[in-house]
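Ligands are counted one by one from 1 in listed order, and the atoms in each one are counted from 1 as well.
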Amino acid sequence: MTDGTTGGQLHAEWDRVCGRMRTEIGEAAYRSWVAPMTVRGVHDGLARISVPTRFMRDWIVAHYADRLQSLWNDEDNAVHSIEIFIQSDRPAAAADQESPSRRQATKVPAKAATTANVVDQISASLDSRFTFKNFVVGKPNEFAYAASRRIAEAQSVTFNPLFLYGGVGLGKTHLMHALAWHIRERDPSRTVIYISAEKFMYRFIRALREQNTVSFKEQFRSVDVMLIDDVQFIAGKDSTQEEFFHTFNALVDQGRQIVISADKSPSDLEGIEERLKSRLNCGLVADIHATTYELRLGILQSKAEQMSVKVATKIMEFLAHKITANVRELEGALNRVVAHSELVGRDITLETTKEVLHDLLRANDRRVTIEEIQKRVAAHFNIRMSDMHSARRARSVARPRQVAMYLAKQLTSRSLPEIGRKFGGRDHTTVMHAVRKVDELRDHNSGFAEDVELLRRMLEG
Ligand code: ADP
Ligand code: MG
């Protein structure tokens, strides 16, 4: 069973670990989380522990695994890691004989057991990093954060539903998981379900096929808090929408809390029935805006701290300036830079950052649109936006127009014909001419060169 440890020794060790855990976390938490664990053996320093449900596994991994491991390591320094996995098929009697601590499992309160069951059947697992503590609050997300926090802490239902919306990678899922973690932690007896709308749809369709929609409905209706992510996915799926609507109404009528996310506001969701839209609009609607430079910088600092790495302010500022699309990409950029520096064993510099993120930076640069360029350039030279498209050939408008074409070529991935089209349907040779002309002027007129450079930096920043 183990290397050098007998079964009896193993269980004696485990019992001592359990005893210390019980003192640390209290009787209630001990009974809910630690007692149902079963030690399956130790191999090469890896202790394998099973728990009956996925819900339990997620919870234990997020909250207790590190502590358990270190306590066990104190008992027996050959044990240096633990693995928690799901196994629920074992008869209780055999378990009792095997481990004294296992006997506690039967004492888990009945309500907690059913909760775990429903949660386990329906809920997707929660990411342990997605907590309120790890969420950086700034202007673009403060309202959505405050609303989520309020619901997580409320004793009774306040706004129903809470509807969170915003673009990709701005923290919707993070906030929902944080809300779920918070409620589960505060009151493990409440049934909190987190599911993507896509999963909901899939399960409903399966229930239809297997002709057990009744039990499908029952499951959802025993839920205290239901979080449904990415609801835009059920747009246009009539029967799923219908079922969703019924489940939704039933839960709201029973005073259960619902939280929904989508990439658009309820009114802007296409392919969603009017009555569902208006119901979604009934509670509190909170949007997450695009990130600001300050928020991006804050997030980078927080992530670096979490990873316990030192990254120079200059580098973080550079990243916050450059990677603007969404937080997921920003995180990815930081991870790549850090991984690279660890691999080659050298500090992160601006040069290596640019090198490592070459492709990502280019993709972000490309996101400058021709319209933005036109707007900036028009404002800079004090001409009207419409002159970017007009046929006027006076130098005072033609020159700025050429600068805008030049910048469009430099800063976007658009082809010459595409650029021409955006400038009042001009020919690609006109664009080519503009690019040459601007290059030439830059070489001979330093004031002009500075103007162009300034515009370029503003657009890239
Ligand atoms: P969405 O669901 O809106 O597409 P996610 O919630 O999956 O976005 O967020 C993408 C990534 O960015 C996740 O790793 C998340 O932890 C991180 N993230 C987003 N917003 C924040 C924030 N304000 N603070 C910390 N991390 C964030
Ligand atoms: Mg998401």
message: Do E243 and S239 pair up side chain to side chain, a donor and an acceptor below 3.5 Å, judged on atom types alone?
response: no
message: We want to know whether S196 and D229 form a side-chain donor-acceptor pair, criterion being a heavy-atom distance below 3.5 angstrom.
response: no
For [X], look at atom [atom1] and say whether over 12 heavy atoms of other residues, nucleotides or ligands are found less than 6.0 Å away.
X: K199; atom1: NZ; value: no
X: R150; atom1: CZ; value: no
X: E210; atom1: CD; value: yes

- prompt: How would you list, by chain and number, the residues with a heavy atom under 4.0 angstrom from ligand 1?
  reply: F130, N134, F135, V136, N141, G167, V168, G169, L170, G171, K172, T173, H174, I299, K303, V327, R328, E331
Report all side-chain donor-acceptor pairs from residues 343-351 shorter than 3.5 Å, counting only partners two or more places apart or in another chain.
residue, atom, partner, partner atom, Å
T349, OG1, E351, N, 3.4
T349, OG1, T352, N, 3.1
T349, OG1, T352, OG1, 3.2

- prompt: Does the cation-pi check pass for R48 over F85, that is, NZ or CZ under 6.0 Å from the six-membered ring centre and within 45° of its axis?
  reply: yes
query: Relative to the ring of Y145, is the ring of F132 parallel (under 30°), tilted (30 to 60°) or perpendicular (over 60°)?
result: perpendicular
Side-chain donor-acceptor contacts of residues 299-308 below 3.5 Å, not counting sequence neighbours, with atom names and distances?
residue, atom, partner, partner atom, Å
S302, OG, Q306, NE2, 3.4
K303, NZ, E331, OE2, 2.7

- line: Excluding waters, which are neither shown nor counted, protein N/O/S atoms under 2.8 Å from the Mg ion (ligand 2) come to 1
